[in-house]
There are 2 protein chains.
Amino acid sequence: MSTPVDIILKRNQLSITDSRKKILELFVNNSGALEHADIEKKTGEKFDRVTVYRTLQSFLEKGIIHTIPTSDNSVRYALCKDDCKEGHHHDNHVHFLCNECHTTMCLEDVTIPEVKLPVGFQPAEYQMVVSGTCKECR
Amino acid sequence: MSTPVDIILKRNQLSITDSRKKILELFVNNSGALEHADIEKKTGEKFDRVTVYRTLQSFLEKGIIHTIPTSDNSVRYALCKDDCKEGHHHDNHVHFLCNECHTTMCLEDVTIPEVKLPVGFQPAEYQMVVSGTCKECR
DNA sequence: ATTTCATTTGCAACTTTGTTGCATTTATAA
DNA sequence: TTATAAATGCAACAAAGTTGCAAATGAAAT
Ligand SMILES: [Mn+2]
Ligand SMILES: [Mn+2]
Ligand SMILES: [Zn+2]
Ligand SMILES: [Zn+2]
């Protein structure tokens with residue numbers, strides 16, 4: 001019996017290990033984005049810090065998760081929609097940071113608008129982050 | 001004789017010190033954004049790391065510089081246009097990250113477009129970062 | 001089920017990045 | 001010139017991230 005998490009791991013040619021299962025479950029069961037520290041807390045110190053780093057790294061490389069830019073120095077991770085290929089992400093959706101509850105979420109349905117850049121600039125990837133008050137907090 | 005840098009400091013009620021002058025000069029003479037490490041390098045280990053941190057912090061608070069969001073964990077700083085008030089930045093311009101020369105720059109003339117958020121979401125600040133190849137590198 | 005082998009993990013040791021308290025120095029204004 | 005509040009440097013620390021390597025484990029073959 002393969003769990004949903006197992007299926008994701010198999011599809012990405014990652015061996016199914018304890019840490020990968022637990023960490024991927026966190027993403028699947030959480031609506032918002034997670035920081036490294038969140039993951040360490042929520043796994044209850046079950047895994048070595050290094051393992052968490054390496055697990056996130058391989059999820060990133062496989063296109064299972066993506067990072068979300070923030071103005072402070074924190075890195076947030078969130079699940080990619082299924083159509084991200086290895087090494088080539090293309091979630092062109094807006095991200096929202098709530099100033100009240102401090103959750104970071106993917107607004108999958110809000111597409112990043114195009115902008116006209118000055119001549120000579122060749123765009124490859126667009127990122128848009130909106131901060132404010134989320135649905136729950138207002 | 002007040003230098004341009006002195007004037008900025010005075011306008012923001014910051015006392016004119018060696019470190020503040022040198023660090024602010026870096027921003028004024030550099031077109032791109034700077035990381036903490038750049039500043040330490042370019043000042044030639046002249047100032048203590050702590051002083052650099054505290055100087056950047058006070059520039060941020062006064063609205064002299066602003067941070068630029070990135071997907072990795074690095075923090076970049078760039079000069080604000082003159083109309084940023086203490087604690088309340090409003091540079092609503094797009095930022096560009098060059099994948100070749102790795103410079104980060106403010107596209108002052110490119111305004112961040114509005115997006116329609118799902119009901120319930122109250123936006124406060126918009127950030128947009130475009131990565132790709134810059135004018136110089138193509 | 002057992003064996004094999006590449007992969008993954010945990011540990012230790014390390015580097016980098018950022019923070020805090022405090023004594024000394026410095027800038028500003030009286 | 002002096003007084004005083006602010007800024008700096010230092011030390012000590014905390015947090016975040018990296019690397020090499022031996023031991024453990026997963027997947028596939030027998
Ligand atoms: Mn997302
Ligand atoms: Mn800018
Ligand atoms: Zn919220
Ligand atoms: Zn470039």
Side-chain angles (χ1 to χ4, degrees), chain A residues 1-3 5-26 33-62 64-65 67-77 86 102, chain B residues 1-3 5-26 33-62 64-65 67-77 86 102:
Chain A
M1 19 112 255
S2 286
T3 67
V5 152
D6 290 355
I7 293 168
I8 297 177
L9 290 174
K10 271 186 191 142
R11 186 174 60 225
N12 288 280
Q13 300 130 52
L14 288 174
S15 51
I16 297 170
T17 66
D18 242 36
S19 50
R20 286 176 180 164
K21 273 164 79 165
K22 284 274 152 49
I23 293 172
L24 189 46
E25 264 164 24
L26 287 183
L34 297 169
E35 298 192 24
H36 180 97
D38 295 327
I39 293 162
E40 284 201 71
K41 252 172 245 150
K42 298 205 181 195
T43 49
E45 298 156 12
K46 218 172 163 305
F47 308 108
D48 194 85
R49 253 159 32 81
V50 181
T51 302
V52 176
Y53 279 115
R54 294 199 267 226
T55 302
L56 291 173
Q57 194 53 47
S58 61
F59 286 0
L60 270 181
E61 283 163 5
K62 293 292 185 179
I64 299 173
I65 59 176
T67 55
I68 299 168
T70 56
S71 286
D72 58 13
N73 56 330
S74 68
V75 193
R76 312 266 164 91
Y77 305 89
E86 175 154 354
H102 300 103
Chain B
M1 20 113 253
S2 285
T3 68
V5 151
D6 288 355
I7 293 168
I8 298 177
L9 290 175
K10 270 186 192 141
R11 188 175 57 226
N12 288 281
Q13 300 129 50
L14 288 173
S15 51
I16 296 170
T17 67
D18 243 37
S19 51
R20 285 176 181 165
K21 272 165 80 165
K22 284 275 153 46
I23 293 172
L24 189 47
E25 265 165 22
L26 287 182
L34 297 169
E35 298 191 23
H36 180 97
D38 296 326
I39 294 163
E40 283 200 73
K41 252 172 245 148
K42 299 205 179 194
T43 50
E45 301 158 8
K46 218 173 165 305
F47 307 109
D48 194 85
R49 256 161 27 81
V50 180
T51 302
V52 177
Y53 279 114
R54 294 198 267 226
T55 302
L56 291 173
Q57 193 53 47
S58 63
F59 286 0
L60 271 181
E61 283 163 6
K62 292 294 185 179
I64 299 173
I65 59 177
T67 56
I68 298 167
T70 56
S71 286
D72 57 14
N73 56 329
S74 68
V75 192
R76 313 265 165 89
Y77 304 89
E86 175 155 354
H102 300 104

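Order of the sequence lines fixes the chain letters, A, B, ..., with proteins taken first and strands second; residue numbering starts at 1 for each chain.
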I'd like a table of donor-acceptor pairs (distance under 3.5 Å, sequence neighbours excluded) in which one partner is a side-chain atom from residues 41-54 of chain A, with atom names and distances.
residue	atom	partner	partner atom	Å
Thr43(A)	OG1	Ile39(A)	O	2.7
Thr43(A)	OG1	Glu40(A)	O	3.2
Asp48(A)	OD2	Val50(A)	N	2.9

Expressed in angstrom and rounded to an integer, what is the separation of [X] atom [atom1] from [N] atom [atom2]?
{"X": "Lys22(A)", "N": "dT9(C)", "atom1": "NZ", "atom2": "C1'", "answer": "15 Å"}
{"X": "Glu40(A)", "N": "dT9(C)", "atom1": "CD", "atom2": "P", "answer": "14 Å"}
{"X": "Asp72(B)", "N": "dT16(C)", "atom1": "CG", "atom2": "C1'", "answer": "14 Å"}
{"X": "His36(B)", "N": "dT17(C)", "atom1": "NE2", "atom2": "P", "answer": "8 Å"}
{"X": "Tyr53(B)", "N": "dA15(D)", "atom1": "OH", "atom2": "C1'", "answer": "11 Å"}
{"X": "Arg76(A)", "N": "dA16(D)", "atom1": "CZ", "atom2": "P", "answer": "13 Å"}
{"X": "Leu9(B)", "N": "dA27(C)", "atom1": "CG", "atom2": "C1'", "answer": "12 Å"}
{"X": "Asn12(A)", "N": "dA27(D)", "atom1": "CG", "atom2": "C1'", "answer": "17 Å"}

Kindly indicate whether the side chain of Arg49(A) and the base of dG10(C) share any N or O donor-acceptor pair separated by less than 3.5 Å?
no

Show the nearest heavy-atom pair for residues [X] and [Y], with the distance to one decimal.
{"X": "Leu24(A)", "Y": "Val5(A)", "result": "CD2-O, 3.9 Å"}
{"X": "Leu34(A)", "Y": "Leu26(A)", "result": "CD1-CB, 3.9 Å"}
{"X": "Ala33(A)", "Y": "Ile68(A)", "result": "CB-CD1, 3.7 Å"}

For a side-chain contact (heavy atoms from CB on, under 4.5 Å) check, start with the C-alpha distance between Gln13(B) and Lys62(B), then their side-chain angles and the critical distance, and finish with the verdict.
CA-CA 9 Å; Gln13(B) 300 129 50; Lys62(B) 292 294 185 179; 4.2 Å; yes

Produce a footprint string for nucleotides 5-10 of chain D: one letter per nucleotide, 5' end first; B if the base is under 4.0 Å from any protein heavy atom, S if only the sugar-phosphate is, - if neither.
--SBBB

How do Val75(B) and Val52(A) order along DNA chain C: which one's closest nucleotide is nearer the 5' end?
Val52(A)

Any heavy-atom pair between the side chains of Lys21(A) and Leu9(A) that's under 4.5 Å?
yes

Decide yes or no for Lys10(B) and Ile7(B): does some side-chain heavy atom of the first lie under 4.5 Å from some side-chain heavy atom of the second?
no

Closer than 3.5 angstrom, by distance alone: can the side chain of Arg20(B) be matched with the main-chain N or O of Thr55(B) as a donor-acceptor pair?
no

Looking only at atom types and distance, does a side-chain atom of Thr70(A) sit under 3.5 Å from a main-chain N or O of Ser74(A), one as donor and one as acceptor?
yes

Taking five pairs at each end of the helix from dA1(C)-dT30(D) to dA30(C)-dT1(D), what angle separates the two helix axes (nearest 10°)?
30°

